[in-house]
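Working notes, beginning with the structure itself.
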Amino acid sequence: MTNDELSKAYEPRDVERRWYAFWEERGFFRADPTSDRPAFAIVIPPPNVTGSLHIGHAFTLTLQDVIVRWKRMQGFDTLWLPGLDHAGIATQMVVERQLSREGKRKEDLGREGFDTRVREWKEQSGGKILNQLRLMGYSLDWQRERYTMDPGFVRAVREVFVSLYEQGLIYRGQYIVNWCPRCGTALSDLEVETEPVPGQLWHIRYPGADGGEGVVVATTRPETMLGDTAVAVHPEDERYRALVGEKVVLPVLGRPIPVVADAFVDREFGTGAVKITPAHDPNDFQAAQRLGLPSIDIMDDHAVLNANAGPYAGQDRFQARKGIVEQLQREGLLVKTTPHQVPLGHCQRCHTIVEPRLSPQWYMKMAPLAEPAIAAVEDGRTRFAPAKWSKTYFEWMRNIRDWCISRQLWWGHRIPAWTCANGHTTVARQDPSACAECGNRDLAQSTDVLDTWFSSGLFPFVTLGWPEKTRELARNYPNDVMMTGFDIIFFWVARMMMLGLRFMGDVPFRTVFINGLVRDDKGEKMSKTRGNDVDPLDLIARHGTDAVRFTLTALAAAGTDPSLGEERLVGYKAFVNKLWNASRFVLMNLQGERAASYAFSELPQPSRWILSRLQAVAAEVNAALGEFRFDQAANALYHFVWDELCDWYIEIAKTYLADPAQAPVARAVLLEALETTLRLLHPILPFVTEEIWQRLPHEGPSVMVAPFPTPDPAKADAEAEREMAALMRLVTAIRTLRATYEVEPRRRIDVTLVAPGGGGAAAAQAELVRALARLERLDIVPQDADRPQTIKQPVDGMEIRIPMAGLFDIEAERARLGREREKVQAEAEGLRRRLENPQFVERAKPAVVAESREKLGALLSRLGQIAGLLDEMGAS
RNA sequence: GGGCGGUUAGCUCAGCGGUAGAGCAUCGGUCUUACACACCGAGGGCCACAGGUUCGAACCCUGUACCGCCCACCA
């Protein structure tokens with residue numbers, strides 16, 4: 001290969017598509033259950049079929065891919081199985097919206113027609129997000145792709161439902177549910193978002209049936225009064241004692257209802273008298289159960305008042321509210337109206353105000369399932385990372401309530417329950433032909449479907465083949481890691497824990513890593529509705545996939561919500577380009593020859609240094625990824641590549657490359673450093689690393705399946721690191737002096753280094769110092785007489801001396817020394833105070849005390865020197 | 001009403017017992033033959049506030065103030 005093939009700037013576009021196809025064709029993504037390598041499996045949070053890739057997916061999935069690629073390179077047989085969620089309510093909404101654009105409703109198609117329509121739509125659009133996952137470079141095992149409505153899931157869902165029913169953990173009951181009048185279905189508690197809404201508290205008089213004053217109740221929802229079956233007061237409330245047991249007349253409808261006493265009433269709130277509407281309020285429902293009161297449902301599926309609402313039948317709930325309030329006012333029964341903030345439930349999907357409604361639904365008993373799921377985290381079979389999330393998990397699990405699993409939707413897993421003509425219920429794995437109880441053959445299957453999370457909750461084992469006893473199940477369950485956002489800990493993680501323990505007898509995964517939620521550069525949560533979301537595909541089109549991946553990885557500090565600003569992304573794009581150009585440099589210098597062999601101990605110090613640093617970085621990256629500290633891994637690599645490899649070693653190597661005697665070994669070191677770095681970076685930057693790696697002399701078909709670097713102790717060289725650090729401090733100090741006095745960059749100057757100890761690295765690498773600091777002469781002397789008109793700058797016990805003659809601005813030096821003196825004085829003062837404190841000397845660690853003494857000594861001697869220099873200048 | 005988290009350089013964030021770091025932005029200087037998506041330098045912070053523990057606190061404890069999130073059936 002010639003360098004002509006490498007463009008000056010990295011061009012991600014064609015590179016990415018090419019390598020992804022290459023990896024996939026070679027089967028690198030595939031897990032092999034017959035492998036004798038250790039297994040590593042990770043559960044993907046299956047995106048909705050309706051969905052397209054948003055930044056939240058890109059964030060969590062990039063981190064997952066980093067882990068997967070890392071583990072694969074470490075030699076694990078890794079399984080990262082792609083899947084899609086049928087997303088019942090969300091998908092139904094999308095398809096209904098499509099229909100509505102065609103001027104149709106789902107009822108026009110009928111249930112079967114609608115079902116077909118959804119399946120068709122899934123076929124054409126379900127692949128969209130999967131292709132987007134490919135564009136991101138994710139190394140998913142595509143041959144094992146699953147879908148929560150595929151035949152295996154249908155069977156598994158049935159098995160789980162029937163089995164839980166048989167165990168008494170699924171039951172049917174009539175309670176108050178959260179009902180979305182727009183979606184026309186019940187919702188679980190988790191699908192309801194409570195938000196305070198400014199409302200009013202209406203005080204309404206219910207006159208006595210005996211013609212007396214009756215009682216004034218306070219309500220935020222006057223329309224529900226049509227379903228009132230009592231008024232309740234506190235049993236010990238003196239104000240109403242006489243009324244208990246009497247009747248009052250429900251306004252509008254004129255129905256007499258009793259005044260009852262129940263301790264749940266808060267005497268302080270409103271008037272202390274509360275209307276009881278058992279069919280439309282959970283509290284009232286419970287009170288009605290206790291007190292034996294009837295329930296009157298006044299609304300239909302879409303919150304339109306029904307025949308029980310008398311004159312308001314046929315009106316929408318809010319329209320009716322208005323009419324009722326006006327009527328009460330006309331009739332003089334509206335005592336007063338006060339503003340009042342009301343916490344109101346909204347449908348998570350369509351944001352319609354949820355109506356509490358009495359309705360027959362299917363429930364899953366949660367307490368018996370939660371108990372082992374709590375224990376499994378307590379005893380560490382599953383651990384949360386960061387650990388704080390276990391608190392959130394426990395909090396919810398310990399206060400868990402039964403889960404309403406039935407939905408009145410058309411899209412989803414049908415509930416395997418049939419009702420016969422005699423009203424008996426049959427729940428069965430196979431479609432029954434006769435009632436299990438009475439043999440009646442006139443059966444109708446429930447029209448309800450299951451909450452989408454019912455099937456998602458089975459994901460970790462059904463995707464491995466359950467209920468069959470497959471190799472995959474034996475090998476990969478429990479999965480090793482589950483990574484997701486905290487927003488679905490309850491929806492998904494908790495339910496996988498409960499169902500996994502129930503049906504597999506073990507936890508579904510060993511570690512749950514919770515990542516933050518991506519925010520914009522102002523810290524706001526990104527969402528379409530806010531209009532501040534960024535499209536990851538747009539970002540990759542403009543900056544390249546690797547830059548996007550690196551940005552997301554570098555942002556992933558444990559436990560924080562990352563803020564994604566475009567500036568940051570541009571910075572990491574530059575990093576990818578930097579890596580590209582460093583590689584170009586190495587490739588240009590390889591000259592097609594085979595890498596020379598070398599003995600590490602005989603390498604020049606800078607070469608030992610860069611290789612030693614490389615071992616440290618390898619150790620750091622491995623440790624960081626092991627703890628899910630993605631930011632640390634990314635930063636360690638960023639700084640190694642940019643600050644050490646590029647800014648120092650490549651510059652140093654230029655001098656070696658110019659010398660035919662040193663060039664071959666330098667090339668070998670450069671190549672080794674680059675090749676190892678590419679392997680370290682590959683999990684984060686898969687494309688650019690492959691593109692470069694393939695151009696290097698290499699073994700194996702792909703960097704993707706090359707071994708992940710581990711630190712080689714034989715190449716750890718503490719002495720070289722120490723010496724090089726000193727050398728870099730020296731060069732930097734000289735450069736700083738040059739910059740301070742505005743010495744032209746091109747101009748070569750003479751420097752004398754007074755080094756009583758011999759000069760160490762500076763002496764050994766004098767040539768390098770000259771090259772890096774752009775010196776004409778570097779004289780290293782053990783001592784030197786004081787010379788006037790000389791800049792003196794201490795560094796590591798040595799002193800840099802540069803003659804001022806014709807070079808330096810004396811005023812500038814005076815000012816600089818003045819500033820330095822202030823700083824040094826302040827620091828020395830602090831140290832002196834500390835050392836004068838006998839308790840510090842006595843109790844602090846000896847090393848800390850010694851260090852302080854040493855530092856103070858150095859500071860004081862520098863102060864003396866500064867004073868001398870200033871004197872000298874004053875004199876001159 | 002409960003619970004959790006945050007408050008560190010202009011911005012976005014690391015650090016979590018030995019008197020502060022990064023990226024970007026800012027300022028000055030450079031086309032030094034890999035890279036101007038670059039190079040070489042510089043400036044910038046009483047680590048929200050008040051107490052306490054400690055020889056020593058951004059870091060541990062207590063409280064306060066803002067900000068954010070989650071959970072919650074007071075009409």
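Remember, it's a predicted structure, so these values are computed and weren't measured experimentally.
- Counting non-hydrogen atoms under 4.0 angstrom, A:Asn837 reaches the backbone sugars and phosphates but no base.
- At a threshold of 4.0 angstrom between heavy atoms, the contacts of A:Trp642 are confined to the sugar-phosphate backbone, with no base atom among them.
- Nearest-nucleotide mapping onto RNA chain B: of A:Glu851 and A:Glu11, the residue sitting toward the 5' end is A:Glu851.
- Taking atom C1' in both B:G29 and B:U64, one finds a spacing of 49 Å when rounded to whole Å.
- There is a side-chain donor-acceptor pair under 3.5 Å between A:Arg584 and A:Asn581.
- Nearest to the side-chain atoms of A:Val265 among the listed nucleotides B:C39, B:C31, B:A75 stands B:A75.
- Checking B:A38, B:C73, B:A14 against every side-chain atom of A:Arg629, the shortest atom distance belongs to B:A14.
- Taking side-chain N and O atoms only, A:Lys8 has a distance below 4.0 Å to OP1 or OP2 of B:C35.
- Taking side-chain N and O atoms only, A:Arg401 has a distance below 4.0 Å to OP1 or OP2 of B:C73.
- RNA chain B is contacted by both A:Phe269 and A:Asp643; A:Asp643 maps to the nucleotide lying nearer its 5′ end (nearest heavy atom per residue).
- Among the nucleotides B:A34, B:G5, B:A75, the one closest to any side-chain atom of A:Lys391 is B:G5.
- The interatomic distance linking A:Asp189 (CG) with B:C73 (P) rounds to 7 Å, in whole Å.
- Residue-level contact check: A:Tyr572 touches neither bases nor backbone, having no heavy atom under 4.0 Å from any strand.
- Contact of A:Glu651 with B:A34 (side chain to base): a donor-acceptor pair of N or O atoms is detected under 3.5 Å.
- Considering CD1 of A:Ile400 and CE of A:Met366, their distance stands at 4.0 Å, rounded to 0.5 Å.
- Within the shown strands, B:C24 is the pairing partner of B:G10 under the Watson-Crick or G-U definition, both distances less than 3.5 Å.
- Put simply, A:Arg735 has a side-chain N or O that comes within less than 4.0 Å of OP1 or OP2 on B:G41.
- When rounded to the nearest whole Å, the span between CG of A:Leu670 and P of B:A34 equals 12 Å.
- The side chain of A:Lys845 contributes no N or O atom lying less than 4.0 Å from OP1 or OP2 of B:G17.
- Closest to the side chain of A:Ala574, out of B:U32, B:C73, B:C37, is B:C37.
- The residue A:Arg221 sits apart from the nucleic acid: no heavy atom pair falls under 4.0 Å.
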Practice problem: Go through the steps to decide whether A:Glu191 and A:Ser188 satisfy the test side chain to side chain donor-acceptor pair (under 3.5 Å), and finish with yes or no. | Solution: CA-CA 5 Å; A:Glu191 291 167 298; A:Ser188 72; 3.2 Å; yes
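- Rounded to the nearest Å, the gap between the C1' atom of B:A20 and that of B:G45 is 8 Å.
- Phosphate contact (OP1/OP2 of B:C71, side-chain N/O of A:Thr392, threshold under 4.0 Å): absent.
- The C1' atoms of B:C47 and B:G15 are separated by 10 Å, rounded to the nearest whole Å.
- B:G56 and B:G17: their C1' atoms are spaced 8 Å apart (whole Å).
- Proximity of A:Pro12 to A:Phe687: side-chain heavy atoms (C-beta onward) are nowhere separated by under 4.5 Å.
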